[in-house]
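As a basis for the values below, the full set of heavy atoms in this structure was taken, side chains included, without hydrogen atoms, waters or symmetry mates.
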Amino acid sequence: METGDGVPVSSRVSAKIQQLVNTLKRPKRPPLREFFVDDFEELLEVQQPDPNQPKPEGAQMLAMRGEPLGVVTNWPPSLEAALQRWGTISPKAPCLTTMDTNGKPLYILTYGKLWTRSMKVAYNILHKLGTKQEPMVRPGDRVALVFPNNDPAAFMVAFYGCLLAEVVPVPIEVPLTRKDAGSQQIGFLLGSCGVTVALTSDACHKGLPKSPTGEIPQFKGWPKLLWFVTESKHLSKPPRDWFPHIKDANNDTAYIEYKTCKDGSVLGVTVTRIALLTHCQALTQACGYTEAETIVNVLDFKKDVGLWHGILTSVMNMMHVISIPYSLMKVNPLSWIQKVCQYKAKVACVKSRDMHWALVAHRDQRDINLSSLRMLIVADGANPWSISSCDAFLNVFQSKGLRQEVICPCASSPEALTVAIRRPTDDSNQPPGRGVLSMQGLTHGVIRVDSEEKLSVLTVQDVGTVMPGAIMCSVKPDGIPQLCRTDEIGELCVCALATGTSYYGLSGMTKNTFEVFPMTSSGAPISEYPFIRTGLLGFVGPAGLVFVVGKMDGLMVVSGRRHNADDIVATALAVEPMKFVYRGRIAVFSVNVLHDERIVIVAEQRPDSTEEDSFQWMSRVLQAIDSIHQVGVYCLALVPANTLPKTPLGGIHLSETKQLFLEGSLHPCNVLMCPHTCVTNLPKPRQKQPEIGPASVMVGNLVSGKRIAQASGRDLGQLEDNDQARKFLFLSEVLQWRAQTTPDHVLYTLLNSRGTIANSLTCSQLHKRAEKIAVMLMERGHLQDGDHVALVYPPGIDLIAAFYGCLYAGCVPITVRPPHPQNIATTLPTVKMIVEVSRSACLMTTQLICKLLRSREAAAAVDIRTWPPILDTDDLPKKRPSQIYKPSDPETLAYLDFSVSTTGMLAGVKMSHAATSAFCRSIKLQCELYPSREVAICLDPYCGLGFVLWCLCSVYSGHQSILIPPSELEINPALWLLAVSQYKVRDTFCSYSVMELCTKGLGLQTESLKARGLDLSRVRTCVVVAEERPRISLTQSFSKLFKDLGLHPRAVSTSFGCRVNLAICLQGTSGPDPTTVYVDMRALRHDRVRLVERGSPHSLPLMESGKILPGVRIIIANPETKGPLGDSHLGEIWVHSAHNASGYFTIYGDESLQSDHFSSRLSFGDTQTVWARTGYLGFLRRTELTDANGERHDALYVVGALDEAMELRGMRYHPIDIETSVIRAHKSVTECAVFTWTNLLVVVVELDGSEQEALDLVPLVTNVILEEHYLIVGVVVVVDIGVIPINSRGEKQRMHLRDGFLADQLDPIYVAYNM
């Protein structure tokens, strides 16, 4: 409450100065410690660096230069010039052979055909799109290349056609469906590049999804494209005199290669024509390519190593490429090896997985001979697990002529193109470079050589030396690009002509990546030329060998230590890979939860694996990663085979997988979460502080410098109104008086589900029925005055008549909800318990329920022989009683009010005649009720304020009550609101369950209701009768929904009551509107109130619970010390009022509890007044508004029940706060309840969706509770809709749920025990 509270300001002071004054008044830092213990600042633990962690000790590294790029005299001046040369000199030379899915050669593209067809494509792009005056494509424009992976020939023709036409090709994947993984992001790239034309092949064009009219629809996120088929037969022949303009390579953009980032966004890397040519030259020199060599390519020819070797460098050197499509590899993983033998290929370009699958498929084939290979390029040689594929492959195929020195791993990146490649040598004595590095060192970014015997090491192979004509260094991965030391891991940076130049259209990101100036420790740049960040982490080892240990994209920093996603994949795969994980498909990524990265592993499991297999595998993986990487896995999820989103070549689409995980649509079949082991940065558990420091001394009516939190409604005694009922002490007398003075005035009207009147009662009808019931009690029941009678009636008029019949006979009525005929087994025992606990001498009910209580189903549920006498009031005596009982003393018992609390306790309270009359009078004054008024009531009439409004108020105030049983709304949800509209009611009362039913059931019907004439504009007050914190989101959605039907948002409010006082607050008609404040949820856990602005983090809206009723006084006290608290301090709400209940009614007569709850006194201050303790935490706050009597208005905010609150980590949590977070976490969570079980937090969620969504909820629930409440969930239980028990007031019965959980009766869809 650090605002300038209560300072009168003269209106002349300008608002600006006032603002300044207020900021000055706000305390800059917390007051001195010894005066005020302020402990709600929960600080998350920050990981302190380990003093023993390894630090780099080497000297500063030197930049490494590659050998000079030797300019050969006959190297062509540009790639188009090379194509022209070979296309005219050796037109018959084979350029590219494509394969069908059986591995048979499908087509041979010669250099002559490539040249003529590319020319044709170039001519058509420039001259046949658009009009002569307005061509669609001009030189320098970007066009998309959309070709399938089995048609490299068409791609190659289109690519060279673009180069000849001087337009910029942007090769992308074929969009298979409109919702392809990552396809939307590719669309954004095309849009940002200004692409309007897409080149494609005939077959691909036919395969694209079409609309009914045959149009190709616009893919999600894509620009509008013209699709242009590049097959020769569709193109016009260029005229004889047309010839493409072939220039020397320059700085114009040659092509754009797309790159998918860690977050799934797609960038375009531009490569200039000179960079393209220089890169081909550098590769030719490094790989020793010669004319007419044969090369087998398994890689994607549209990008990266596959494009550079199989489409570009091959043409420069007139080589012959044998292209193996992915579809063939899927059928026959050995196909590439067979083609190497068949064509005696000199070079093959593969990835480690192609080697791995060849090994798996290899069954000692006789005719394999790999001696022709002089170079096996391993495109992902930079990946830490490629070394094991290389070793295993060599091991098996060495006997088939494969030489060790042939294996050439390379490292590349979209930005820097080829970063390093191992050179082929003829010298078999020179073993390749290896490094065995300590995993522990790597997590701190330090190189420490270790021995292979240990488990926690990473063995890496070199990826050769720096490219010809390039310079390489490594810089610190974050912060300014400072050179690393020699024993430090950094990001490799390259300075060369042969690299990308920018991210298309993104100058800021380009600067950070393509224009880096590495510095020495003294801050001087090492070169005047910019370097490019490769995105690879590694170091330059001895003899200039380059080692890569991971990618920047795969870097996860968990509590200050660096881990690489690929290493973790490798470890997980090492745990019995073939037996369990389907095709080795594992995704590893990190998610941010509670200010740190958390590791998530998602794996596809084999279709035949059992539950037992998966849990064994999961626990082994956890142990392996813990022992090798010393890091905890936050979540391990298994999904069915083939369900993770794929990249076009069958890999896992990582960012899509992460997206699915975070939005809860991954649908795992097994989940294991380990937040207890991973999350180490939770705030320290709270230590309770002694409450009273020297500053919280009481002075007058101030506590610790704040006004004492006390408030009261208007004074009942001083209010003079013409209340005729006041002169009677007893409600029974009021009814007799009304029956004489206004016999035909209708008091009650009961509606049925059709909205028609089922029954009504006038004053005299009620009086006469009550008399007959009194006779029946005395004559047939032989009851004495003071005997207890249980009234078991459905909501209606019989109940009211029976109640007054009891008063006339001098008996004490107890209203009991009848058993549910479809659910006797669970509802009847509660009836029996209330009847027994209340010591009822007799039970009154209708004929129908009478039969039900004695039925066979009832006998199965309870012992029906022990029922007290049952009287059936459908058959009443005709005579009147000789006299109507009049109590001797207003303090005697009028009725008992029994209710089951949300914690499952049955508590009955005693209401005296005096309290009952005072209660009715208080409500009459607050709601301004008179005989001319009509009030609609849609509540259960069995306890609390609901019963008082249904049975008592009309008799006292004389207004007509329109009674709507809530059960009828299940048949007709619009019943209540239609009645309110039809009877032009100004005041109505309902429960939260009724409001929820209307909000959910009528959400889509507001238009049709409006058409039926539903009009809520006359409603002045719509009060939710409740015994809990106001459900602000429900009341707001209700108000918003029915605003169109005339409901004024100010009309909706809530009331508050509890066991010791059935109604403390009720909005009523006069007085200011209910206010809402926002409090800091973290402070609340520490029992403090700290007001914050709306929308600030951790803010919680609290709505005032209505106005304090006349005759009610409230004070806020500390529940432990019983001392009074200051304004805006959180404490227990204590109440003093004429309508307090006079005590519990129990068999046990627990006196200490009785006196503590009903007659407590403050420990200091006003120690005379006797208060009742409500058991609810809340606070009072003096507002700027004025009450009806001109005083400043005190608002009461209820936070929650003390016995519902959970003590966790020394803090007090209210279940509803955690539940609200959980319900927001996923669209399929309809309801949630939480409770504690042996210090563990158990979360039960109801799932509205298919069962495969059940496991999606486990990580989301765990995340949201960690983020918002700093708690670790112990158990997540996913159940069907309707499992969480809810009482008639719409409150969750969490203790019943807990008992059901412990007794294993919930029949859950899934139970997750977090480790």
Side-chain angles (χ1 to χ4, degrees), residues 1-7 19 22-33 35-44 682-693 695-696 702-709 711 1029-1030 1032 1075-1105 1116-1120 1123-1133 1176-1184 1194-1200 1202 1205-1214 1216-1218 1220-1221 1267-1271:
M1 306 300 158
E2 287 79 23
T3 54
D5 245 10
V7 181
Q19 219 174 339
N22 283 349
T23 38
L24 292 174
K25 267 205 262 172
R26 237 176 253 147
K28 279 288 175 289
R29 50 170 186 241
L32 285 172
R33 238 324 171 12
F35 283 121
F36 189 60
V37 181
D38 194 5
D39 57 0
F40 60 67
E41 288 302 336
E42 293 182 60
L43 297 173
L44 289 168
L682 283 174
K684 289 196 172 72
R686 170 193 179 200
Q687 303 293 318
K688 282 272 171 62
Q689 304 283 3
E691 194 52 46
I692 299 177
S696 59
L702 295 176
V703 176
S704 63
K706 300 258 182 185
R707 197 180 62 80
I708 278 191
R1029 175 201 304 176
I1032 193 162
T1075 52
T1076 298
V1077 293
Y1078 291 82
V1079 298
D1080 186 328
M1081 200 154 26
R1082 291 168 305 180
L1084 218 47
R1085 293 173 208 155
H1086 293 265
D1087 292 340
R1088 298 204 183 284
V1089 176
R1090 179 193 197 183
L1091 290 196
V1092 290
E1093 291 299 318
R1094 174 180 179 177
S1096 58
H1098 297 280
S1099 64
L1100 171 74
L1102 290 177
M1103 185 165 93
E1104 178 188 350
S1105 291
I1116 305 291
N1118 181 321
E1120 278 97 33
L1125 290 171
D1127 190 75
S1128 303
H1129 276 53
L1130 188 70
E1132 189 182 6
I1133 302 166
Y1176 282 82
L1177 288 175
F1179 60 96
L1180 277 165
R1181 174 170 173 266
R1182 178 149 278 190
T1183 64
E1184 301 297 327
D1194 291 302
L1196 173 68
Y1197 299 94
V1198 177
V1199 172
L1202 270 164
M1206 304 180 295
E1207 278 265 328
L1208 291 162
R1209 300 178 56 81
M1211 291 171 279
R1212 198 192 306 269
Y1213 286 89
H1214 295 277
I1216 186 71
D1217 296 326
I1218 298 176
T1220 307
S1221 299
E1267 280 280 344
E1268 296 184 12
H1269 303 279
Y1270 301 164
L1271 287 178

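- Inter-residue side-chain proximity for Y1270 and M1211 is flagged as unmet; no heavy-atom pair is nearer than 4.5 Å.
- The distance from the CG atom of D1194 to the CG atom of D1127 is 7.0 Å, given to the nearest 0.5 Å.
- In this structure, D1087 CG and L1125 CG are separated by 10.0 Å, a value rounded to the nearest 0.5 Å.
- Of the possible donor and acceptor atoms, none in the side chain of H1086 sits under 3.5 Å from a partner among the backbone N and O of L1084.
- Here the straight-line distance linking atom CZ of R1088 with atom CZ of R1212 works out to 12.0 Å at 0.5 Å rounding.
- Here CZ of R1085 is found 7.0 Å from CG of L1271. Values are rounded to the nearest 0.5 Å.
- For the side-chain contact (heavy atoms from CB on, under 4.5 Å) criterion with L1100, the lone passing option out of D1080, V1079, V1077 is V1079.
- Rounded to the nearest 0.5 Å, atoms CD (E1104) and CZ (R1181) are 10.0 Å apart.
- The distance from the CG atom of L1202 to the CG atom of L1177 is 4.0 Å, given to the nearest 0.5 Å.
- Under the side chain to side chain donor-acceptor pair (under 3.5 Å) criterion, Y1176 pairs with no residue, sequence neighbours left out.
- Side-chain contact between I1116 and H1129: absent, with no pair of heavy atoms (C-beta onward) separated by less than 4.5 Å.
- Residues E1267 and H1098 approach most closely at O-CE1, 4.0 Å, considering heavy atoms.
- Looking at every heavy atom in both residues, M1103 comes nearest to P1030 through O-CG, 3.2 Å.
- Nearest approach of E1093 to S1099, heavy atoms of both residues: O-CB, 4.2 Å.
- In terms of the side chain to side chain donor-acceptor pair (under 3.5 Å) criterion, residue partners of S1221 (sequence neighbours excluded) are, by chain and number, E1268, H1269.
- For D1217, the side chain to side chain donor-acceptor pair (under 3.5 Å) partners are R1029, not counting sequence neighbours.
- Using a 4.5 Å heavy-atom cutoff, the side chains of Y1197 and V1089 are not in contact.
- Considering all non-hydrogen atoms of both residues, T1076 and P1101 come closest at CG2-CB, 4.3 Å.
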